Number of protein chains: 2
Amino acid sequence: MVLKQMTKYGKEILALIEASHDHLTAEQVFHALRERCPGVALATVYNNLNRLWQEERIRKISVEGMPDRYDRIRRHDHVVCKGCGRLLDVDLGDLTAQLERAAGRPILAYDLKLIDLCQACREKEKER
Amino acid sequence: MVLKQMTKYGKEILALIEASHDHLTAEQVFHALRERCPGVALATVYNNLNRLWQEERIRKISVEGMPDRYDRIRRHDHVVCKGCGRLLDVDLGDLTAQLERAAGRPILAYDLKLIDLCQACREKEKER
DNA sequence: TAATGAAATTAGAATCATTCTAAAATGGTG
DNA sequence: CACCATTTTAGAATGATTCTAATTTCATTA
């Protein structure tokens with residue numbers, strides 16, 4: 001895929017996502033962007049997020065029952081809390097070769113989520 | 001978690017999912033169930049899918065941009081086509097211990113998707 | 001500089017999956 | 001049977017995202 005020149009908002013949004021260590025939803029990106037570009041439309045945010053995603057400049061993370069979240073592309077994995085969906089970064093290194101061997105077939109990439117229960121959710125669990 | 005007795009539709013839906021080697025959406029479960037139970041409501045399907053999921057009797061798989069799909073619980077992983085979202089089963093065995101070691105923390109479970117491009121999508125890719 | 005055309009942006013409607021609501025049906029248990 | 005909890009139901013509501021068609025922007029060419 002040939003990467004096209006980025007647009008004004010494309011650049012802004014990419015910068016926002018790269019700078020953030022959270023995992024922003026489209027809505028959160030929209031709010032953050034508004035501070036710098038008051039007039040911008042929500043559709044523009046979705047347009048650009050989709051474009052950036054297709055160009056593989058950002059990652060999209062989906063967890064059941066929550067809005068998609070966007071993340072910088074640099075290789076890393078995630079720990080998702082089973083209770084509240086809280087997402088943390090973790091890096092297990094590049095497992096591609098290993099997984100290909102185990103699967104017996106070549107892959108383009110993989111998506112690995114570790115599931116745990118965060119401190120807060122563990123407390124709540126106990127109460128019951 | 002103590003498993004409760006299953007309800008009439010709960011059983012039907014669980015059986016449907018266990019029997020199917022596809023990865024059914026709620027809508028597909030609804031259609032299939034209708035053949036055996038013509039009057040059943042879509043809400044009932046969602047109710048039961050959610051209950052079964054909470055009781056960990058079925059799995060829920062979410063891939064960005066598509067409706068959630070449901071799967072039997074037996075341990076296995078998935079290969080997702082990057083182009084069309086087609087989902088195949090693959091079993092890499094239980095990597096829990098290995099992943100815990102790599103992550104340096106205990107986990108409850110994990111969710112691993114291998115990404116590839118299916119034959120059909122590879123053809124299409126070429127055409128461009 | 002004016003004209004052209006492609007791509008980006010916009011506002012709002014539309015869609016789709018899913019959840020919610022409140023009422024009705026069902027199913028044990030005493 | 002009477003009771004109460006649970007399940008089911010139909011349809012409305014919600015929330016995230018996409019679509020649409022008009023408008024704006026911007027680079028390129030005449």
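Computation of the quantities below employed the complete heavy-atom set of this structure, encompassing side-chain atoms and omitting hydrogens, waters and symmetry-equivalent molecules. Proteins come first, then strands; the chains are lettered A, B, ... in the order of their sequence lines, and each starts at number 1. Everything numeric in this text was worked out from a predicted model, so none of it was measured.
Following rounding to the nearest Å, B:R34 (CZ) and D:dA10 (C1') show an atom-to-atom distance of 11 Å. As a whole-Å value, the separation of A:E12 CD from C:dA8 P is 16 Å. If you take CZ of A:F30 and C1' of C:dG12, they are 13 Å apart, rounded to a whole angstrom. D:dT24 atom C1' lies 11 Å from atom OH of A:Y9, rounded to whole Å. Going from atom NZ of B:K11 over to atom C1' of C:dG27 covers 12 Å, rounded to whole Å. Between the CG atom of A:N48 and the P atom of D:dT17 there is a distance of 15 Å, rounded to whole Å. Nucleotide D:dA27 holds its P atom 15 Å from the CE atom of A:M6, rounded to whole Å. Atom NZ of A:K8 is separated from atom P of D:dA27 by 12 Å (rounded to the nearest Å).
Taken from CZ in B:R51 to CD1 in B:I58, the straight-line distance is 10.5 Å, to the nearest 0.5 Å. B:N48 CG to B:T7 OG1: the interatomic distance, rounded to the nearest 0.5 Å, is 4.5 Å. Atom CG in B:D68 sits 9.5 Å away from atom OG1 in B:T25 (nearest 0.5 Å). Here NE2 of B:H23 is found 3.5 Å from CG of B:D89. Values are rounded to the nearest 0.5 Å.
In this model, the phosphate group of C:dA7 is not approached by any side-chain N or O of A:R51 to a distance below 4.0 Å at OP1 or OP2.
Using a cut-off of 4.0 Å between Lys/Arg side-chain N and Asp/Glu carboxylate O, B:K82 and A:D111 are scored as not salt-bridged.
Nucleic acid contact for A:T7: sugar-phosphate only, since backbone atoms but no base atoms lie under 4.0 Å from a heavy atom of the residue. At the heavy-atom level, B:G10 lies nowhere under 4.0 Å from the strands shown.
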All N/O pairs under 3.5 Å across the protein-nucleotides 16-26 of chain C interface:
{"unit_1": "C:dT18", "atom_1": "OP1", "unit_2": "B:D68", "atom_2": "N", "d": "3.1"}
{"unit_1": "C:dT18", "atom_1": "OP2", "unit_2": "B:Y46", "atom_2": "OH", "d": "2.7"}
{"unit_1": "C:dT19", "atom_1": "OP2", "unit_2": "B:N50", "atom_2": "ND2", "d": "3.1"}

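Looking at heavy atoms from C-beta onward, B:D71 lies in side-chain contact with B:H76 at the 4.5 angstrom threshold.
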- Report the C-alpha separation of B:D22 and B:S20 in whole Å, then their side-chain angles, then the decisive distance to 0.1 Å, and conclude whether the side chain to side chain donor-acceptor pair (under 3.5 Å) test is met. CA-CA 5 Å; B:D22 292 334; B:S20 165; 4.5 Å; no
